[in-house]
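Note on naming: letters A, B, ... go to the chains in the order of the sequence lines (proteins, then strands), and numbering restarts at 1 for each one.
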Amino acid sequence: MSYNGMRPVRVRFAPSPTGHLHLGGLRTALFDWLWARKTGGKFILRIEDTDRRRFDPESMDSLVSGLRWLGLEWDEGPDIGGPCAPYVQSQRQQIYKEKAEELVKRGAAYRCYCTPERLADMREEQRRAGRRTGYDRHCRNLSDEERSRCEAEGVPSVIRLAVPLEGVTVFSDLLRGDIEVENRQLQDEVLLKADGLPTYHLAAMVDDNVMEITHVLRGEEWLATAPVHRLIVDAFGWEMPVLVHLPVILDPSGKGKMSKRKKMVAGKEFLALVHEFQDSGYLPDAMFNFLTNVGWNFDPDQEVFSREEAIERFSLEEINPAAAALPYEKLDWLNGLYIRALTPSALKTALLPFLSRQLGVSETELVSDGKLDVLIPVIQERIKRLDEAAEWIDWAYVKSDAISYDDPKLLIGRKLDAGQSADILRTGARLLAEVEPFSAEVIHAAFREKADEIGVKAGSFFGPVRGAISGKKVSPPLFESIEALGRIETLQRIGHAVAFLEEQGALESG
RNA sequence: GCCCCCAUCGUCUAGAGGACUAGGACUCAGGCCUUUCAAGCCUGCAACAGGGGUUCGAAUCCCCUUGGGGGUACCA
């Protein structure tokens, strides 16, 4: 597939390095990538760092690592170069300056000498008068004498676009069709700032042209300034790329654009930054699957699909122009699905950094004992995020005397009293002392047999043991847990539990 | 305020005039399974914002209202 039947597709993700990459940006990049891969075109990464004040040096890492995390490799970009290098706008200053001057010569733009103070006063006055705010075009009508006087005095200036005073500007959005805007609603936007750097309006149009971008995917927040971009492109006599304004991603309340700032909704803090999702243990494949289905739909009857399938089916025309909130619960569900689809060994690898951090045990130590190999397969279907694993198995990584039995119900079997529960625990301990080999399967069989023999329900038997070894009411399956813990440690914990029950009993009767 | 965009279950969505008694997924509720918790399976609750047109026929087309979102910087 190609643009105009001729040009190969070239799309670009053009973030500005002003902070951490958030999910909205990642989704834009994802759709760019999908389109490039589908069409056999190029996916380009371009850094739009034309705002010196908002520049954040750390954001480059965030951008790059976020994109890589999702697996969106680019074909041209700052780090790998390409035919249109450099791909960092601050390194392309000269070209914007020339292009801006060119527009001035053509009469499509003009120098403006207004100070920021005058602009601020003007806006203030407009606001007070209840009028529409906007540049009053003071410098558009400067006489030649005034102009040369300003130049002679060295008054700092910007270059502004000379928007037609009348008529309408029409541009086309792939998802919304033709959109018509009256020129009198438009501003004489600044193209080149006083510091010599371009604004987005100029820089993006110039680069999109120079880099032969065929499709521009960007956030819906750009829709309002698209007519200005059309005017700029026309002034140069260039061809307009296909515009695709992606719906904004709303915060979970469904109100307002998801921002980088932390926000609480329904008493819960929700994630917005890519690295936060990463740190919470979402799998890249799950995130890819999830994000692809927000604003676009793979198939109403198939929720889970591979990258290849997504590339195969993706189409720009099918993108839904309506803003959407992220279905976070669906993400959790999907992530759980992907976790369960992992091989235990792959899951172990993915889990190691999380467990190490949360359990305070080094990764080498975690790998050296065999516990994880027994435990991971049984917690696999119980976790939806990687960061949930630690709380399932933390009891296996503490000393036996660190297990607390404070909750009195912990060691009491269903329909049993404290004395009977202690007996049950002693029975279990006897079994565990002899069983050979010390494996979940064998232990399980032994316990079953004993339960039948003494006429105790499985739940009543296993419950106290579970409490004894884990200190928890809810734990991974009991027999794998026992196997992971090992015979000595298990017997020690049961011993402590029995002692605890006896102590309780003594206190009560005494 | 002004300009622009959008509008199907709580949420993500299918639906491009008759196949709609509006489908799927998540969530939630109930059930089965079961050593706890999960997972799995089954069942259920739940939507075309409102009003006018157009048409034999409208969730689908048009208009208005309402609601929501975006923009209104020498930020992107």
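Between Arg123(A) and C74(B) there is a side-chain N or O to OP1 or OP2 distance below 4.0 Å. At least one side-chain nitrogen or oxygen of Thr50(A) sits closer than 4.0 Å to the OP1 or OP2 atom of A76(B). One finds a side-chain N or O of Lys193(A) lying less than 4.0 angstrom from the OP1 or OP2 phosphate oxygen of C75(B). The phosphate of G1(B) has neither OP1 nor OP2 within less than 4.0 Å of any side-chain N or O from Arg131(A). Contact annotation: Arg340(A) reaches the phosphate of G40(B) (side-chain N/O to OP1 or OP2, under 4.0 Å). A close approach under 4.0 Å does not occur between any side-chain nitrogen or oxygen of Lys330(A) and OP1 or OP2 of U13(B).
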Between the protein and nucleotides 60-64 of chain B, are there any N/O to N/O pairs under 3.5 Å, and if so, what are the atom names and distances?
none

Give every pair of a protein N or O atom and an N or O atom of nucleotides 67-72 of chain B that lie under 3.5 Å apart, one pair per line with the distance.
unit_1, atom_1, unit_2, atom_2, d
G70(B), OP1, Lys257(A), N, 2.7

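The side chain of Asn320(A) lies closest to A14(B) when the candidates are U36(B), C75(B), A14(B). Comparing A76(B), C26(B), U36(B) by their nearest atom to the side chain of Ser475(A) picks out U36(B). Closest to the side chain of Trp392(A), from the set U27(B), C37(B), U11(B), is C37(B). The side chain of Arg176(A) lies closest to C5(B) when the candidates are C5(B), C74(B), A39(B).
Where Asn297(A) and Val181(A) meet RNA chain B, the nucleotide closest to each residue was compared, and Val181(A) sits on the side nearer the 5' end.
Within 6.0 Å of CZ in Arg414(A) there are 12 or fewer heavy atoms belonging to other residues, nucleotides or ligands. The number of heavy-atom neighbours closer than 6.0 Å to CD of Glu166(A), taken from other residues, nucleotides and ligands shown, is 12 or below.
With both ends at atom C1', the span from G68(B) to U11(B) equals 15 Å, rounded to whole Å. Separation of the C1' atoms belonging to C63(B) and G24(B) is 33 Å when rounded to the nearest angstrom.
Ser460(A) comes within contact range of no nucleotide atom at all, as no heavy-atom separation falls under 4.0 Å. Using a 4.0 Å heavy-atom distance criterion, Phe479(A) is classed as a base contact. Using a 4.0 Å heavy-atom cutoff across all strands shown, Val474(A) reaches at least one base atom of the nucleic acid. Using a 4.0 Å heavy-atom cutoff across all strands shown, Ala322(A) reaches sugar-phosphate atoms only and no base atom. Nucleic acid contact for Leu192(A): none, since no nucleic acid atom lies under 4.0 Å from a heavy atom of the residue. Contact annotation for Cys114(A): base contact, defined as any heavy-atom pair under 4.0 Å involving a base atom. Residue contacts for Pro300(A): at a heavy-atom cut-off of 4.0 Å it reaches a base atom on one of the strands shown. Residue-level contact check: Gly295(A) touches the backbone only, with heavy atoms under 4.0 Å from sugar-phosphate atoms and none from bases. In this structure, Gln185(A) reaches the sugar-phosphate backbone alone: every heavy-atom distance under 4.0 Å involves primed, P, OP1 or OP2 atoms, never a base. Within 4.0 Å (heavy atoms only), Pro227(A) reaches no atom of the nucleic acid at all.
Counting all heavy atoms, side chain and backbone alike, Trp333(A) lies closest to Arg340(A) at O-NH2, 4.4 Å. For Arg466(A) against Lys473(A), the heavy-atom pair with the smallest separation is CD-O, 3.4 Å.
Checked for salt-bridge contact, Lys384(A) and Asp332(A) miss the test: no charged N lies under 4.0 Å from a carboxylate O.
At a threshold of 4.5 Å between non-hydrogen side-chain atoms, the residues Glu151(A) and Arg111(A) count as touching.
Taking a pair to require two hydrogen-bonding distances under 3.5 Å in either a Watson-Crick or a G-U wobble arrangement, C2(B) pairs with G71(B).
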